[in-house]
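Everything on this sheet refers to the single structure shown next.
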Protein chains: 2
Amino acid sequence: MDDNGENRPKTRIQRRNTQAILEAALEVFSSYGFRGATLDQIAKAAGLSKPNLLYYFPSKEAIHAELLGGLLDVWLAPLRALNPDGEPRTEIMTYMRRKLEMSRAMPRESRLFANEVLQGAPRVAEVLSGGLKTLVDDKAAVIRTWIEAGRIARIDPHHLIFSIWALTQHYADFEVQVRAVLGTERDAFAEAEGFLDRLFDRLLTPDP
Amino acid sequence: MDDNGENRPKTRIQRRNTQAILEAALEVFSSYGFRGATLDQIAKAAGLSKPNLLYYFPSKEAIHAELLGGLLDVWLAPLRALNPDGEPRTEIMTYMRRKLEMSRAMPRESRLFANEVLQGAPRVAEVLSGGLKTLVDDKAAVIRTWIEAGRIARIDPHHLIFSIWALTQHYADFEVQVRAVLGTERDAFAEAEGFLDRLFDRLLTPDP
DNA sequence: TCCATTTCTGACCATATGGTCAGGACGATG
DNA sequence: CATCGTCCTGACCATATGGTCAGAAATGGA
């Protein structure tokens, strides 16, 4: 089904152009969603002609799929890195900080996923209920052992993870809103770090 | 500029059809975003022909604008209701619960706004930096007085409001993801209420 | 019942869009 | 420099889409 993976870009030109296309596609898809984006927009942003786009990728779908698939691992890496043998609060705080840093450094990637999920995740539904669910369930189980050991507060692990997603991605996905409300003077991400540190510190502290 | 407001729907048929159109448009726009939605989809969902749609609304833009504008007041009502003279924690907790309830009861409306803001809010940019900013600044000032009086913890009011938005809207905007991860057995919103109660209770409690 | 107004439709239009194709330009390799 | 495979393009196509229009059908009031 998927003819990628075997025949990677070989020549210099292929590498440069596929890279430019994916970069441009990220820009456009993250701004307009899949249906709202057009090949002409992507081609223009990549500095290529539309037929040339389709010389490197067989279809609009394929570009989108390549983008999503290629970024999924990066996107989930921080959660994967959550170490069952680490110090519970450190592990969770580190995870949260990494997610926030990703929102800051890769807001377009965040919006790409947000657009996809918002619109019903038609292209990644299997990933959500497959790999993602497995990963989250796995880490939730780890967190549960920490709770049982009394090392962090007794809160639902799944919703703890959701809260990290929601609070960190909010600053990327709703950036224009955050900026509009805070004004251009304030640094939303810098402030968010302090705020979220405090929030999760309080949330995780076990009851006396 | 806006020729609405004066000539509201009068006849029974007008009322019924404009209602059906807005209902259908909410369904379609919230699922696909502005550019991703088509008039044919909306017309079909409303049980009308496309020309008939355009008999009631002058353009696709107009339908979208009417939807957004009509819902803004409803959407911001809970924040407006935050009472400076009320008991601080009760006021904030009530606000959070109302927002969560709105996410539960009106997920399509939430996604409509989410789509709009995600894609750069081209049609509501003025509202964000105008009315919304004013409202938020106003309520943030109220919260700040509560903090100064030592009645709630010393946390940034703007980010407190952001956190309420992020955490409650997450359950509507990313519903498919939440459902995929949680499975169909669990009731995300019921669980969220308990989780968020606990979270904000801990967040707001003043330092000893 | 008759007429004016409102409501609705099929046919149509201009443009946008995803995608194709024949062939030309280019670049590396002998 | 000849040649072969890579790279690229203009022209083109089928379909989708937002929107228009002349006129038919329904509605409502006198």
Side-chain angles (χ1 to χ4, degrees), chain A residues 3-4 6-68 115-116 119 122-123, chain B residues 3-4 6-68 115-116 119 122-123:
Chain A
D3 59 353
N4 288 345
E6 202 71 277
N7 39 358
R8 294 276 174 78
K10 296 176 179 179
T11 75
R12 220 166 304 164
I13 296 177
Q14 272 176 338
R15 217 175 280 277
R16 171 167 50 83
N17 283 348
T18 50
Q19 197 49 43
I21 291 170
L22 289 175
E23 159 68 23
L26 174 60
E27 185 71 26
V28 177
F29 280 134
S30 69
S31 294
Y32 300 100
F34 181 76
R35 291 196 50 174
T38 73
L39 286 182
D40 289 283
Q41 278 178 296
I42 298 172
K44 189 176 180 184
L48 300 174
S49 69
K50 186 168 63 167
N52 203 12
L53 261 202
L54 294 162
Y55 170 73
Y56 289 100
F57 289 90
S59 68
K60 183 184 178 186
E61 272 279 346
I63 302 176
H64 194 252
E66 176 82 7
L67 255 189
L68 277 181
N115 260 306
E116 182 65 13
Q119 306 194 356
R123 279 164 280 274
Chain B
D3 59 350
N4 286 345
E6 202 72 279
N7 40 355
R8 294 277 175 76
K10 297 176 177 178
T11 75
R12 220 165 306 163
I13 294 177
Q14 272 176 337
R15 215 175 282 278
R16 170 168 51 83
N17 283 349
T18 50
Q19 197 50 42
I21 291 170
L22 290 175
E23 158 67 24
L26 173 60
E27 185 71 26
V28 177
F29 280 133
S30 69
S31 294
Y32 300 100
F34 180 76
R35 292 196 50 175
T38 73
L39 286 182
D40 289 282
Q41 279 179 295
I42 299 173
K44 189 176 179 184
L48 300 173
S49 68
K50 186 168 63 171
N52 204 12
L53 261 201
L54 294 162
Y55 170 74
Y56 289 100
F57 290 90
S59 69
K60 184 184 177 184
E61 272 280 347
I63 302 176
H64 193 252
E66 175 82 8
L67 255 189
L68 277 180
N115 261 305
E116 181 66 13
Q119 307 194 355
R123 278 163 281 273

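Per chain, numbering begins at 1; letters A, B, ... match sequence-line order.
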field: Gap between atoms CG and C1', on A:Leu48 and D:dG10 respectively (whole Å)
entry: 16 Å
- request: Using heavy atoms and a sub-4.0 Å distance, could you list which residues of residues 24-41 of chain B are near DNA chain C? By number, please.
  value: B:Arg35
query: Is there a side-chain contact between B:Ile63 and B:Phe29 (heavy atoms, below 4.5 Å)?
result: yes
- prompt: Shortest non-hydrogen contact from B:Ala37 to B:Val28?
  reply: CB-CG1, 3.5 Å
- line: CG (B:Asn17) and CG (B:Leu53) are apart, to the nearest 0.5 Å, by 9.5 Å
query: What are the two closest heavy atoms between A:Ala43 and A:Ser49, and how far apart are they?
result: CB-C, 4.0 Å
D:dG28 phosphate, OP1 or OP2, under 4.0 Å from B:Thr11 side-chain N/O: no
- prompt: Is the distance from OP1 or OP2 of C:dT9 to the nearest side-chain N or O of B:Ser49 less than 4.0 Å?
  reply: yes
task: Look at the side-chain N and O atoms of A:Asn17 and state whether any lies under 4.0 Å from the OP1 or OP2 oxygen of D:dC8.
output: yes
query: Tell me: CG of B:Leu53 to P of C:dT7, nearest whole Å?
result: 15 Å
message: With a sphere of 6.0 Å drawn around OH of B:Tyr56, does it hold more than 12 non-hydrogen atoms of other residues, nucleotides or ligands?
response: yes
query: Between B:Ile21 (CD1) and C:dT7 (P), how many Å, whole number?
result: 11 Å
query: The side chain of B:Ile13 lies closest to which of these nucleotides: D:dG19, D:dC7, D:dT27?
result: D:dT27
query: Between C:dC8 atom C1' and B:Arg12 atom CZ, what is the distance in whole Å?
result: 18 Å
task: Measure from the side-chain N and O atoms of B:Glu116 to the backbone N and O of B:Arg123, and report whether any donor-acceptor pair falls under 3.5 Å.
output: yes
task: Quickly work out the B:Asn52 CG to D:dC21 P distance and round it to whole Å.
output: 17 Å
query: Expressed in angstrom and rounded to an integer, what is the separation of A:His64 atom NE2 from C:dG18 atom P?
result: 13 Å
task: Among the candidates D:dC8, C:dT20, D:dG19, find the nucleotide nearest to the side-chain atoms of B:Lys50.
output: D:dG19
- prompt: Do the side-chain N or O atoms of B:Tyr55 get closer than 4.0 angstrom to the phosphate oxygens (OP1, OP2) of C:dC8?
  reply: no
query: Please walk me through it: do A:Gln119 and B:Asn115 pass side chain to side chain contact (heavy atoms under 4.5 Å, CB included)?
result: CA-CA 8 Å; A:Gln119 306 194 356; B:Asn115 261 305; 3.2 Å; yes
Short side-chain N/O contact from B:Gln14 to OP1 or OP2 of C:dT7, under 4.0 Å: yes
- request: Measure the distance from CD on B:Glu61 to P on D:dG19 and round it to the nearest whole Å.
  value: 8 Å
Atom-to-atom span, CG of B:Leu54 to P of D:dT17 - whole angstrom: 14 Å
